[in-house]
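Sequence lines set the chain letters: A, B, ... in the order given, protein chains first and strands last, and positions in each chain run from 1. Keep in mind it's a predicted model, so treat the numbers as computed, not measured.
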Amino acid sequence: MITLTSAEWQALTLTLKVAATALAVALPVAVFAGYALARWRFPGHGLVNGVIHMPLVLPPVVTGYVLLILFGRSGPVGSFLESTFGLTFAFRWTGAALAAGIMAFPLMVRPIRLAIEAVDPKLEEAAATLGLHRSIVLAIVTLPLALPGILAAGILGFAKAMGEFGATITFVSNIPGETRTLALAVYTAAQTPDGEVAAFRLTIISVVVAFGALIASEAVARRLARRIGGAA
Amino acid sequence: MITLTSAEWQALTLTLKVAATALAVALPVAVFAGYALARWRFPGHGLVNGVIHMPLVLPPVVTGYVLLILFGRSGPVGSFLESTFGLTFAFRWTGAALAAGIMAFPLMVRPIRLAIEAVDPKLEEAAATLGLHRSIVLAIVTLPLALPGILAAGILGFAKAMGEFGATITFVSNIPGETRTLALAVYTAAQTPDGEVAAFRLTIISVVVAFGALIASEAVARRLARRIGGAA
Amino acid sequence: AERLTIFAAASLKDALEAAGKAYARETGTEVVYSFAGTASIARQVEAGAPADLFFSADELWMDHVRHAGAVVPETIITVATNTLVVVAPKTNPEPLELTTEGFLSRLGDRRLAVADTETIPAGRYAKAALSDLNLYEDLAGRLAPMENVRIALATVARGETPLGIVYASDAIAEKDVAVVAEIPEDSHPAIVYPAAVTTIARQGAKEFLAFLKTPQAREAFRAAGLRPVD
Amino acid sequence: MIEVDIEGSAGDLPIKANFRSDAGVTALFGHSGAGKSTITKMIAGLLRPERGRIAINGETLFDSGEGIDLPARRRRIGHVFQEARLFPHLTVRANLAFARWAGRTIDKTRFKEVVELLGIQSLLSRRPGTLSGGERQRVAIGRALLSSPRALVMDEPLASLDQGRKSEILPFLDRLCHEAKIPILYVSHALEEVARLADTLVVISKGETVACGSTADIMTRLDLGVATGRHEAGSVLIGRVTGTDSRWSLSTIGVEGYELQVPVTGIEPGTEVRLRVRARDVSLAVGEVSGLSIRNRLPVMVEAITSETGPYAEILCRIGEQPLRVRLTRASVEELGLAPGGEALALIKTIAIDRREIIGSGNV
Amino acid sequence: MIEVDIEGSAGDLPIKANFRSDAGVTALFGHSGAGKSTITKMIAGLLRPERGRIAINGETLFDSGEGIDLPARRRRIGHVFQEARLFPHLTVRANLAFARWAGRTIDKTRFKEVVELLGIQSLLSRRPGTLSGGERQRVAIGRALLSSPRALVMDEPLASLDQGRKSEILPFLDRLCHEAKIPILYVSHALEEVARLADTLVVISKGETVACGSTADIMTRLDLGVATGRHEAGSVLIGRVTGTDSRWSLSTIGVEGYELQVPVTGIEPGTEVRLRVRARDVSLAVGEVSGLSIRNRLPVMVEAITSETGPYAEILCRIGEQPLRVRLTRASVEELGLAPGGEALALIKTIAIDRREIIGSGNV
Ligand SMILES: Nc1ncnc2c1ncn2[C@@H]1O[C@H](COP(=O)(O)OP(=O)(O)OP(=O)(O)O)[C@@H](O)[C@H]1O
Ligand SMILES: Nc1ncnc2c1ncn2[C@@H]1O[C@H](COP(=O)(O)OP(=O)(O)OP(=O)(O)O)[C@@H](O)[C@H]1O
Ligand code: MOO
Ligand SMILES: [Mg+2]
Ligand SMILES: [Mg+2]
């Protein structure tokens with residue numbers, strides 16, 4: 001076992017906080033977006049779909065820059081949130097979570113949408129004939145059946161949130177203890193001449209955490225599959 | 001309409017070449033990996049799954065360095081490929097495609113795996129009772145039914161390949177006409193005082209291309225859905 | 001040669017492109033560039049990138065590359081120098097006193113934008129200067145180390161941070177900022193841009209380095225806010 | 001009461017359904033692909049007719065003229081689908097509990113009763129994926145019953161159940177329908193089932209209702225042979241229980257002043273019952289008959305004789321006011337010298353009138 | 001020839017199947033949840049028994065002792081599943097063409113013949129998602145038939161088909177089985193179907209084969225009432241066609257020296273046929289009978305009388321060597337004074353022996 005330095009600990013706990021927050025906020029929104037894209041036909045469907053994919057297409061630095069303009073303290077959204085809710089993103093770990101969440105968003109919406117599209121509408125019909133409101137059908141039939149997709153989205157999103165670099169450093173900079181996640185710490189080390197060993201250690205920490213999350217998610221997925229599958 | 005400068009044209013065509021190549025090579029591999037993860041139980045299942053997710057977890061710059069070390073001209077894989085097949089990645093558009101493909105890989109494997117897991121094994125059983133070999137069942141039953149997932153994977157992968165920045169600039173640098181894709185060109189422009197307009201133009205070009213790809217993929221997806229869905 | 005490939009730090013983009021154009025007009029040799037962060041460029045050159053010339057933004061990376069045997073040591077020259085300035089949004093152009101109080105009263109509860117103090121040369125120089133001026137200890141917790149100088153500059157220009165430390169060359173380019181203080185040149189190691197011919201360079205690379213000493217090239221550097229050296 | 005008068009389409013097939021039925025079970029009967037499931041889905045609100053009107057127990061569910069179109073969940077029509085449609089991620093218990101919760105009104109005792117009736121106690125903690133075909137169907141029936149629907153639509157619910165189970169479920173549906181006043185729309189290919197249950201019979205052919213009326217009437221209409229299937233054709237006699245013979249476990253039923261014995265007990269004397277008599281189960285005799293195990297002998301008037309090509313002849317007789325269909329070989333018709341207007345003795349095997357063919361009794 | 005001797009399990013239910021049948025149709029018969037589908041899946045190679053042996057036409061498909069376990073695709077057993085399992089992304093035509101391609105040997109004429117038999121011509125360009133329940137089932141049958149299987153497993157293939165369609169498909173299966181020498185394993189709840197088709201009947205109860213033998217034998221076994229269902233119990237008489245009366249479209253069949261008329265023509269005189277006679281369709285008479293439309297009157301010996309509780313009695317009679325089951329009310333038994341050893345006249349309505357109940361003729 002390697003023993004972690006305090007800077008490494010700091011980066012690790014910060015990363016977990018940032019990734020978990022990003023996931024906790026973005027996943028429900030992604031479920032909503034995935035559902036809307038899968039089941040609703042509305043004007044601007046294509047536009048919404050396109051906007052969701054943007055963080056994937058643009059270089060992360062650009063996304064970070066756009067976030068800076070919008071969510072910075074003097075940005076339109078940022079100043080509103082700050083004055084109304086006292087919520088600050090600029091140069092805070094919350095901003096890192098925001099960046100991570102936005103970068104992870106398209107990766108989450110896709111599998112969720114796919115899984116919801118795969119839910120047989122006939123089952124939803126059957127639930128409707130029992131006299132159930134759409135929201136209950138959604139909660140008890142549609143979403144549970146789409147759970148494997150939501151789980152896949154969760155793990156993709158968590159991995160991306162852990163690894164997010166470009167948008168984060170651009171938006172909230174690289175402040176130790178506040179915004180220097182593992183990914184930024186690895187970068188910092190790698191950009192330093194002779195920083196290879198430090199970079200390697202940090203990389204290993206990231207990898208171990210990600211593997212842990214992955215294994216946990218696989219175990220959950222296997223349970224889900226067993227529940228639904230049944231006999232051959 | 002805006003008319004593109006020759007540098008913009010160059011970046012655009014290069015981006016399309018890189019993204020298309022990355023997709024053409026990585027998608028079949030992702031289909032294979034998705035199938036293997038969905039349907040096979042083998043020792044090292046978790047490890048393979050973990051390795052596939054690595055490019056997502058690590059900061060792209062690190063992935064780029066790893067590629068540089070492995071696939072560089074003096075790297076073990078790079079020198080082997082060059083001497084054996086005359087295939088060079090270092091500082092070539094092929095390297096940009098490699099980086100894009102590897103970064104897009106985890107995004108593609110997930111939806112494919114999800115879609116393959118959702119294919120009812122009872123249909124594959126039914127095909128087997130007709131006397132068909134597994135590979136034919138795969139080609140005519142399993143994969144066509146997983147097509148919505150493969151398509152989703154394709155569009156996610158293409159978008160990511162278009163936007164890939166960190167690993168690309170680290171691995172193959174930022175050479176106009178060879179490795180300066182739209183994402184890198186946007187970055188380069190943003191580095192220049194008064195580069196905002198140029199960066200903005202390039203961003204718009206990226207966005208337009210990505211929207212086009214997205215709309216095309218949605219149209220295909222709708223056709224697929226209509227084929228399979230049928231009546232309520 | 002027909003064509004020269006230059007791997008250079010992103011901050012040299014304007015100067016080198018202008019110089020390259022002049023060189024091409026004169027010699028007919030086309031010059032192409034790959035711009036990125038110095039660290040990336042340095043590692044790539046070390047890995048055998050097809051570069052004829054390597055332009056670093058600091059001596060540290062040039063040393064690294066020289067140790068790796070990727071450049072010809074005898075060809076290393078300094079092509080330009082630069083200075084640091086403190087900038088503020090144009091709306092707030094009063095001069096700044098380089099003291100803890102001076103900084104803190106201007107910052108309020110906000111941060112001081114700098115380039116990354118560990119990875120980016122501009123950030124390392126800023127850190128050295130602040131230490132030398134006995135300001136670092138008080139300001140360390142108030143820094144916003146950005147991915148590169150241009151983003152640090154942009155945050156100031158947009159009023160996101162009330163102050164930033166950037167290169168004088170960058171400050172010239174941005175209309176929305178005002179220089180509110182100049183950092184004494186002796187407070188940090190000299191900001192130099194060393195260049196060298198790589199060990200795999202083609203014919204004609206040395207000639208380009210020589211060309212940079214011509215008045216034409218020096219003018220290009222000056223226009224970009226850099227100070228050419230003799 | 002179910003009132004349906006709609007037009008629409010199922011793919012290329014135009015649908016034109018027009019029927020009304022009073023309280024009780026209404027059977028939809030027709031060939032595969034005739035449009036039965038489509039019509040039930042329109043009634044349940046899962047497909048939209050192009051125009052027309054649907055009402056149940058006087059409440060309008062759909063009316064294109066008035067722009068009424070209640071969504072499925074507000075129609076509260078319990079639907080047993082042809083393909084079960086159980087929720088695969090929930091246990092059988094959860095499937096049922098979910099339905100019960102949706103219905104709100106069903107208490108524990110009733111829940112247990114339904115579960116026992118359907119014989120699914122031992123399946124409660126299983127998931128639908130592991131159930132056998134028939135088990136799945138039974139759970140689906142349970143789910144619909146427990147949602148305390150205002151009407152039930154059952155699309156071939158008993159197709160893959162064995163006789164034994166069927167004859168337990170059918171009387172329950174019958175009671176449900178008449179006691180709880182829940183109209184049932186019942187789709188089936190099996191005329192036996194239909195006759196046993198249905199008060200009203202609707203015959204569908206090529207998307208259209210070609211006949212609609214009381215089961216007794218439709219069953220005796222010779223011209224519907226093709227749609228209903230020859231083998232199952234018959235009549236329904238309406239009578240009243242006059243006595244019970246507990247020694248032989250038989251009841252006597254008075255039909256138009258004559259008496260018939262049926263192998264059933266426990267029906268309150270005075271109760272009105274309907275007896276389904278299949279045309280092929282009736283023999284005719286002319287003159288005296290003795291020494292025969294056939295105990296039910298009713299004098300009838302021959303009304304019409306339809307000779308088909310092939311060996312068969314259909315004879316429409318009357319017992320008093322009520323029609324009775326009889327099916328014989330042409331050879332027998334000739335041998336007995338039967339002709340319209342003639343008289344004969346209808347012999348009905350006591351045993352041919354099964355429990356399942358006596359309708360309208362509370363306690364069969 | 002099908003030989004099965006396996007042990008395994010379906011969830012908690014232990015499965016123990018042991019039967020063998022010679023050429024022809026073997027029916028698996030039993031309650032819902034008895035284990036029928038599980039056994040067919042084990043034979044098809046879709047589930048693995050724990051031990052035992054499975055062979056078809058002499059070829060071993062599974063033998064735990066010798067470590068043989070052919071995968072499903074090499075067993076080549078056409079399977080009509082209880083739930084259709086059509087390929088949803090392919091048109092009906094492609095579903096069928098895919099199967100035909102897998103089978104290789106089926107020519108165009110045969111393809112057309114199967115499509116017409118099943119009445120699915122107009123569905124060819126549709127996708128399974130839009131088919132009705134019965135249509136889906138028919139396509140599934142077509143798919144299995146066209147894969148030119150070495151044996152057919154059919155899991156309640158006709159459950160949601162109407163009488164008319166059934167009576168077209170059944171003779172085809174019969175011919176297929178006997179002419180093309182393809183053994184068929186047929187799962188059904190409908191004893192009628194089973195008796196019509198099956199040479200061998202296997203009764204499954206609670207996962208075990210409780211009886212196995214020729215259809216005639218099993219049908220007449222009184223002790224299997226519970227498994228087979230009372231309503232459908234009966235016997236199978238074996239006879240030989242002795243003549244045809246084309247005027248009345250009747251054929252005469254000699255059974256143990258007596259003659260029986262059946263409403264069928266076109267069977268070559270001399271052909272051996274099997275007649276299914278349901279116990280409830282037989283009446284008994286003692287003494288002379290005249291003026292009656294029932295033309296078939298066979299002298300029988302009463303062998304055993306089983307009085308059940310309730311109104312019914314089961315009487316096992318013999319016509320010569322052959323058993324005949326009769327079902328009467330206890331009251332009739334008493335009235336006629338029937339007792340073991342006594343003689344009587346069995347009256348069988350000509351019409352009760354339907355085309356569908358005459359087995360073994362090439363051209364019904
Ligand atoms: N979406 C559709 N597109 C094309 N044809 C359709 C569609 N839906 C239904 N049909 C056709 O309409 C007809 C009626 O279908 P429906 O399911 O109502 O039949 P059904 O009477 O329930 O038959 P079954 O007894 O076989 O279940 C069928 O021939 C079916 O193929
Ligand atoms: N994977 C499983 N887990 C638990 N129980 C199972 C499983 N598979 C089958 N069973 C049970 O085994 C029994 C036999 O199932 P099977 O499908 O063979 O019945 P079946 O005779 O075909 O019935 P049906 O006529 O209703 O289709 C059923 O009670 C079923 O619930
Ligand atoms: O894709 Mo990046 O290059 O996350 O920062
Ligand atoms: Mg139907
Ligand atoms: Mg079954």
| Looking at OG of Ser34(C) and CZ of Arg180(B), how far apart are the two atoms once the value is rounded to the nearest 0.5 Å? | 7.0 Å
| message | According to salt bridge (charged side-chain N to carboxylate O under 4.0 Å, His left out), does anything in residues 75-84 of chain C pair up with another residue at least two apart or in another chain? List the pairs. | response | none
| What parts of residues 69-86 of chain C touch chain B if we use heavy atoms and a cut-off under 4.5 Å? | none
| chain B contact via Ile41(C) - side chain, backbone, both or neither, heavy atoms under 4.5 Å | side chain
| Can you tell me how far CD1 of Ile69(B) sits from CZ of Arg43(C), rounded to the nearest 0.5 angstrom? | 8.0 Å
| message | Using modelled atom types and a 3.5 Å cut-off, is there a donor and acceptor pairing between side-chain atoms of Asn174(B) and backbone atoms of Phe35(C)? | response | yes
| said: I need the minimum non-hydrogen distance between Gln44(C) and Thr170(B), along with the two atoms involved. | reply: NE2-O, 2.6 Å
| Considering only heavy atoms from C-beta outward, does the side chain of Ile175(B) approach that of Phe7(C) to under 4.5 Å? | yes
| said: Tell me if the CD atom of Glu182(C) is crowded by more than 12 foreign heavy atoms within 6.0 Å. | reply: no
| request: Tell me, for Tyr65(B) versus chain C, whether the close heavy atoms (under 4.5 Å) come from the side chain, the backbone, both or neither. | output: side chain
| query | Between Tyr33(C) and Pro176(B), what is the shortest heavy-atom contact and its length? | reply | O-CD, 2.8 Å
| query | chain C heavy atoms under 4.5 Å from Val172(B): which part of the residue, side chain, backbone, both or neither? | reply | backbone
